[in-house]
Protein chains: 2
Amino acid sequence: MSQQPAARAAVIKDVARLAGVSHQTVSRVLNDHPSVRDETRERVLLAVKQLNYRPNALARGLAGRRSRVIGVVSFDTILHGPAATLLGIERAARHAGYGISIVALERLDRSGVVDAVNRLAEQSVAGVVIIAPLLTAAAAAGSLPTGVPAVVVESDLAGDLPTVSVDQVAGARLAVEHLLGLGHQTVWHLSGPKDWLEARDRVDGWRAALEAAGRRVPPVLAGDWSPKSGYEAGRELAERGDVTAVFCANDQQALGMLRALHERGVRVPEDVSIVGFDDIPEAAYLSPPLTTVRQDFDEVGRRCLAALLELLGVDRPPGVPRHPRVPPSLVVRASSGPPPAS
Amino acid sequence: MSQQPAARAAVIKDVARLAGVSHQTVSRVLNDHPSVRDETRERVLLAVKQLNYRPNALARGLAGRRSRVIGVVSFDTILHGPAATLLGIERAARHAGYGISIVALERLDRSGVVDAVNRLAEQSVAGVVIIAPLLTAAAAAGSLPTGVPAVVVESDLAGDLPTVSVDQVAGARLAVEHLLGLGHQTVWHLSGPKDWLEARDRVDGWRAALEAAGRRVPPVLAGDWSPKSGYEAGRELAERGDVTAVFCANDQQALGMLRALHERGVRVPEDVSIVGFDDIPEAAYLSPPLTTVRQDFDEVGRRCLAALLELLGVDRPPGVPRHPRVPPSLVVRASSGPPPAS
DNA sequence: CCCATGAATGTGACCGATAACAATCGAGGC
DNA sequence: GCCTCGATTGTTATCGGTCACATTCATGGG
């Protein structure tokens, strides 16, 4: 009848008692402090194993003023990019021995970001990563009041905070150069929403590539990332006879555009070539399979963590650039080809 | 010269001093304990505001043995379903005043799940939600060693733990009945991976609906959620002339199948009707727009949280069922129609 | 008029770890 | 042989809250 109801998890004192040392010595072993005799260390580790002891992260954080958790402010994780970025960060954090706390934002305005960071700060996170694909969020990140170490993803203009982003401009250039290389006279562009930085950068890269080649720059078609906006843009383009190549700012828009063109009897790539951006899992199985630009989100996650750890002074690999840009790569499939002979 | 370097954040004692009360009274105000005089309460709240005081969640959790964070064990959050579920849980948690800590699993085996829960337990989470769409994960969840309150999502066989899931069987039935209602003699099925519970349930629902209608049950085609497997199954089906309707276990597979059929000149829905599952954002813009079954992931998230809060004894709404099943709904689009006249 | 009662508030222990400092011990220098 | 020094280990304070209990004070019943 004297059975404990749920044998309370062992704490550091239990380990100390079992190993016959002071709790402080146990703490030293756990944090591999140098001056512990080998024999003592082993005795402690044995006790740890026997009791299945796991240090309490809360107590650790409170006493040591550093927690092994990093906060992530995320946005619209239904979209492929943000979801993949979040996963990349989680993966990198886990490998570095950190946990992840997330706060998702419904709207990406200034007070929302600040508020989210505050909520994370309450939890004494070691630092935060802000996935801030919008201009407003980047601005907010630039003016964080608290002294929380922060890294901003997908934005290179967050005040003096370190940032990590995919080189969107280079990605757009890859797409455009690919199409020009196939013989197209110019390339149209269906952009993402104006307030997204990635959308803006892709427009810039597209325009720069066209200008560098001395080509005419058509007007930008404005989309909102959704397949719907791609569909609508596709119907417009189908009306005109002079479009031979379109660079869509993401794969979902490209998908909608494919549908519109197909509906109107415009053949891809024979009549019009389409290039997307993201390389979502579906891209290879659209009709036709989509040529697109792939982003390495795992690499983004790794670099975020590297930047954050440097900020925390944990690691100090001297060569880490403050605003690294991860290079994207072009994946050529069947949706792009030479222009019609005409 | 006496300026503080970064004016350390205010703690409860600072508030107490400023308000001229004891720290315990401040604590009472913060946790709205009844017996505090109004005048005192206001004085404290004023001090809180003046100092911009925010209670330290670590200390709170340590002392009070309850943290306002719940852990989520997630898997494959690149897929639409898990990503949406995660977001739903985060949203519900945020509204209930809880934060979210996540651990993503690479593989969904027993030790992985147990390990993830342990990592969360170290952080003293109030409870965990396990997104366990695989049989192995459900089994692991059923044998969690620690005394951590847990709710399991997308699995109804996790020992005696409360679970929340979408009624996959009903969803599959909706799809099949829709197709039979259009006049098809029978419906083929491209399943998800065998070890996923959702895949298994959808197979069950499909078969049950066919049997209930007294129809022939064709062999199950085995997929793996990927567009690729849908594409391959589509090529096989195109070979046969006798297939008029296919229920795909998810939209990505349906997408691949659409591509294969299109490639072979099989028209959808004139020759073959296709129904998917999930209603991913792309579904409405495929060629043709996809008829599919929609799941309400926000509702799943809400119910998860309700179940967890009940487990925590925080709330006790008596009517909460232990294994609620969220009903899915059919979204009819252009990929399904009457069978060919033949 | 005294005492029981309950509301309002304060005091000190405690949660489980780390940090700072003290104590102990054996070895090498004079 | 005594003292200093570094390696080990222990003791106590501390992190920032909550909990359990003590205390104070005004009120109402006998």
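Order of the sequence lines sets the chain letters (A, B, ...), proteins ahead of strands, with each chain counted from 1. Only this structure's heavy atoms are used, side chains among them; waters, hydrogens and symmetry mates stay out.
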Step by step, would you call A:L120 with A:V148 a side-chain contact (heavy atoms from CB on, under 4.5 Å)?
CA-CA 9 Å; A:L120 290 169; A:V148 186; over 6 Å; no

So CG of A:N52 and CG of B:N118: to nearest 0.5 Å the spacing works out to 7.0 Å

Between P of C:dT18 and CG of B:L62, the distance in whole Å
12 Å

Not counting sequence neighbours, which residues clear salt bridge (charged side-chain N to carboxylate O under 4.0 Å, His left out) with B:R37? List them please.
none

Give me each pair satisfying side-chain hydrogen bond (donor to acceptor under 3.5 Å, both in side chains) with a member in residues 82-92 of chain B, each pair once, sequence neighbours excluded.
A:E106-B:R91, B:E90-B:R94, B:R91-B:D298

Is the shortest side-chain N/O distance from A:S27 to OP1 or OP2 of C:dT18 below 4.0 Å?
yes

Here the distance between atom P of C:dT18 and atom CG of A:L58, to the nearest Å, is 13 Å

Would you mind telling me which of D:dG10, D:dG16, D:dG17 lies closest to the side-chain atoms of A:Q24?
D:dG10

Salt bridge (charged side-chain N to carboxylate O under 4.0 Å, His left out) involving A:E299 - partner list, sequence neighbours excluded:
A:R302, A:R303

DNA chain C contacts made by residues 33-54 of chain B, counting heavy atoms under 4.0 Å:
B:S35, B:V36, B:R37, B:T40

Residues which pass side chain to side chain contact (heavy atoms under 4.5 Å, CB included) with A:N56, listed by chain and number, not counting sequence neighbours:
A:L58, A:A59, B:S124

Let me know the distance between CG of B:N56 and P of D:dT18, rounded to the nearest Å.
10 Å

Let me check the geometry of the helix from C:dC1-D:dG30 to C:dC30-D:dG1. What is the bend angle between the axes at its two ends, five pairs each, to 10°?
60°

Would you say that B:V69 contacts B:V125 through its side chain, given a criterion of any heavy-atom pair below 4.5 Å between the two side chains?
yes

By salt bridge (charged side-chain N to carboxylate O under 4.0 Å, His left out), which residues pair with B:D195, not counting sequence neighbours?
none

Whole-Å distance, A:H23 NE2 to C:dG16 C1', equals 10 Å

For DNA chain D, which residues of residues 11-22 of chain A approach it to below 4.0 angstrom with any heavy atom?
A:V21, A:S22

Side-chain N or O of B:N31 less than 4.0 angstrom from OP1 or OP2 on D:dT18?
yes

What closest approach, in Å, do A:L62 and B:L62 show between heavy atoms, and which atom pair accounts for it?
CD2-CD1, 3.5 Å

Tell me every residue that passes salt bridge (charged side-chain N to carboxylate O under 4.0 Å, His left out) with B:R107, counting only those two or more places apart in sequence or in another chain.
B:D109

Residues forming a side-chain hydrogen bond (donor to acceptor under 3.5 Å, both in side chains) with A:S111, sequence neighbours excluded
none

Note: A:L197 and A:A138 closest approach over all heavy atoms is CD1-CB, 4.1 Å

Mind running side-chain contact (heavy atoms from CB on, under 4.5 Å) on B:V326 and B:F297 for me, showing each step along the way?
CA-CA 9 Å; B:V326 178; B:F297 294 107; over 6 Å; no

Atom-to-atom span, CD of A:E122 to P of D:dG17 - whole angstrom
10 Å

In 5'-to-3' order, the base (B), backbone-only (S) or no-contact (-) status of each nucleotide in nucleotides 22-28 of chain D, using a 4.0 angstrom heavy-atom cut-off, is -------

Show every side-chain hydrogen bond (donor to acceptor under 3.5 Å, both in side chains) that has at least one partner inside residues 14-23 of chain B, sequence neighbours left out.
B:S22-B:T25

From the candidates D:dA20, D:dG16, C:dA17, the one with an atom nearest any side-chain atom of B:A63 is D:dG16

